[in-house]
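Hydrogens, waters and symmetry mates play no part in the numbers below; they use all other heavy atoms, side chains included. What you see is a predicted model; the values in this text were computed from it and never measured. Positions are given from 1, in the same order as the sequence printed here.
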Amino acid sequence: MISFSQGVSRPTSNCTFRCLGCPLGQRDFQPDPPLDPLFSPHKKVMHIVGGDPLCATTLIETLRYYHQKGSQLVLWTHGQFEVTRWAEILPFRPKVMLYLPSPDEAQFNLISGVSGWSGFHQIAAYLQTKHVEIAFNFPVRPGQLAFIPDAHELAQAYHARLLMHYHPQDFGPEGKAYLQRYLNFSDVWVFESPAPPPLFCPAFAYEGVLNPWQVAKNFIWDYVGSKGKLWTFGG
């Protein structure tokens, strides 16, 4: 049964990508705030976000805290860090929302500001060998509707789900209808999600995954299409 008991922890606002339109990657690294249990209420599902959470000096402490509280952990990350960094993380059994700026190599590198296309495939393959449940986090920008079938095909190649989210003001009725039709696919989520608060990674679908009505809509469409989910935000 899906749960709407979801929380968010942002242990850092730092990131190693330089994405178009994102101020976080354009500045020097900032000190990470300490984890304060008094101000860190836990939920059944905790989304660990940034910046990129793998940049956080307090990440392992944060994961350990919520893991001990019994929370299911969901990491929102581009993932392109050393395997030794992932080796510290995997014992906490997170689910991973792997950032996909675009399923096109040239556009991926242009949007991210780094030559990360091969790194994306390397980390997706690595997590697959470690039996980590992953989904590809694809924020659909204006002009990217034509790339959606490629993103879906790429996710299928890695046995991953595809999460698409978009700013509703960026698309007209036809574009929104095209995006929403992917609710019919049992391995795809679709969320309307305006930009998150400042200091959050703009690729985090803040207004989508924390909105119980949108989560319920995706769950219902999944149930109708596949008679149950394999991977849910609610554990």
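- Note: E82 CD to E88 CD = 11.5 Å, rounded to the nearest 0.5 Å.
- Annotation: the span from L59 atom CG to R64 atom CZ amounts to 10.0 Å, rounded to 0.5 Å.
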Could you walk me through whether Q214 and E192 pass the side chain to side chain contact (heavy atoms under 4.5 Å, CB included) test, one step at a time? CA-CA 8 Å; Q214 290 207 60; E192 288 190 3; 3.9 Å; yes

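- With a 4.5 Å cut-off on side-chain heavy atoms, K217 and Q180 count as touching.
- Within 6.0 Å of OH in Y206 there are 12 or fewer heavy atoms belonging to other residues, nucleotides or ligands.
- A distance-only check finds a donor-acceptor pair linking the side chain of R85 to the backbone of L54 [under 3.5 Å].
- Applying the ring-ring contact (aromatic ring centres under 6.0 Å, His included) test between H152 and each of F185, F136, F147 identifies F185 as the sole match.
- In this structure a side-chain-to-backbone donor-acceptor pair under 3.5 Å is missing from N137 to M164.
- With a 4.5 Å cut-off on side-chain heavy atoms, K44 and Q6 do not count as touching.
- Not a single donor-acceptor pair under 3.5 Å links the side chain of N211 to the backbone N or O of G208.
- Here the side chains of V215 and F191 are in contact, with some heavy-atom distance below 4.5 Å.
- Tracing side-chain contacts under 4.5 Å through hydrophobic residues (I, L, V, M, F, W, Y), one never reaches L20 starting from L24; they form parts of separate clusters.
- Across P94 and L90, no two heavy atoms sit closer than the pair CD-O, 3.9 Å.
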Using the rule given for side chain to side chain contact (heavy atoms under 4.5 Å, CB included), can you reason through D170 versus V140, listing the C-alpha separation, both sets of side-chain angles and the distance that settles it, and then say yes or no? CA-CA 10 Å; D170 288 344; V140 184; over 6 Å; no

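- The shortest distance between side-chain heavy atoms of F81 and I89 does not fall below 4.5 Å.
- Summarising the geometry of P11 relative to P33, their closest heavy-atom pair is O-CD, 3.6 Å, with the distance given to 0.1 Å.
- Donor-acceptor pairing under 3.5 Å is recorded for the side chains of Y158 and H121.
- Under the side chain to side chain donor-acceptor pair (under 3.5 Å) rule, D52 has a single partner from T12, T16, T77, N14, which is T77.
- To the nearest 0.5 Å, the span separating NZ on K43 from CG on L210 amounts to 10.5 Å.
- The line from CG of L73 to CE of M46 is 8.5 Å long, rounded to the nearest 0.5 Å.
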Applying side chain to side chain contact (heavy atoms under 4.5 Å, CB included), run through V209 and F204 and close with a yes or a no. CA-CA 9 Å; V209 301; F204 174 44; 4.0 Å; yes

Check the pair T57, D32 against side chain to side chain donor-acceptor pair (under 3.5 Å), reporting the backbone distance first and the verdict last. CA-CA 7 Å; T57 56; D32 294 328; 3.1 Å; yes

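- The main-chain N or O of H67 is never found under 3.5 Å from a side-chain atom of S71 such that the two would form a donor-acceptor pair.
- Of the inter-residue distances, the one linking I123 atom CD1 with K130 atom NZ reads 10.5 Å to the nearest 0.5 angstrom.
- The backbone N or O of R161 lies less than 3.5 Å from no partner atom in the side chain of Q156, so there is not a single donor-acceptor pair.
- Taken together through direct or relayed side-chain contacts under 4.5 Å among Ile, Leu, Val, Met, Phe, Trp and Tyr, F17 and F29 form parts of separate hydrophobic clusters.
- P101 and S112 make their closest contact through CG-CB, 4.2 Å (heavy atoms, listed as atom of the first residue, atom of the second, distance).
- Counting heavy atoms from C-beta on, the side chains of D187 and L162 never come closer than 4.5 Å.
- L199 is not connected to L35 by any chain of hydrophobic side-chain contacts under 4.5 Å among Ile, Leu, Val, Met, Phe, Trp and Tyr, and they are in different clusters.
- The CG atom of D104 lies 11.0 Å from the CG atom of L154; values are rounded to the nearest 0.5 Å.
- Nearest heavy atoms, P168 versus S193: CD-N, 4.2 Å.
- Ring planes of F120 and W117: parallel class, angle under 30° (limits at 30 and 60°).
- In this structure, R10 forms a cation-pi arrangement with F200, its terminal cationic atom sitting closer than 6.0 Å to the ring centre and no more than 45° off the ring axis.
- When atom types are taken as modelled, the side chain of H78 and the backbone of Q80 share a donor-acceptor pair closer than 3.5 angstrom.
- Closest approach of G175 to L145, counting heavy atoms only: CA-CD1, 3.9 Å.
- For Y66 and H42, the gap between ring centers reaches or exceeds 6.0 Å.
- Here the two rings, on H165 and F138, have centers that are 6.0 Å apart or farther.
- In this structure, V45 and V74 approach most closely via the heavy-atom pair CG1-CG2, 3.9 Å.
- Legend: residues meeting side-chain hydrogen bond (donor to acceptor under 3.5 Å, both in side chains) with Y99, ordered by chain and number and at least two apart, are R141.
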Run the side chain to side chain donor-acceptor pair (under 3.5 Å) test on S102 and Q107 for me, step by step, so that the C-alpha distance in whole Å, both residues' side-chain angles and the decisive distance to 0.1 Å come before the verdict. CA-CA 6 Å; S102 172; Q107 198 176 73; 2.8 Å; yes

Evaluate the criterion side chain to side chain contact (heavy atoms under 4.5 Å, CB included) for residue pair F92 and L75; output intermediate values, then yes/no. CA-CA 11 Å; F92 299 102; L75 277 175; over 6 Å; no

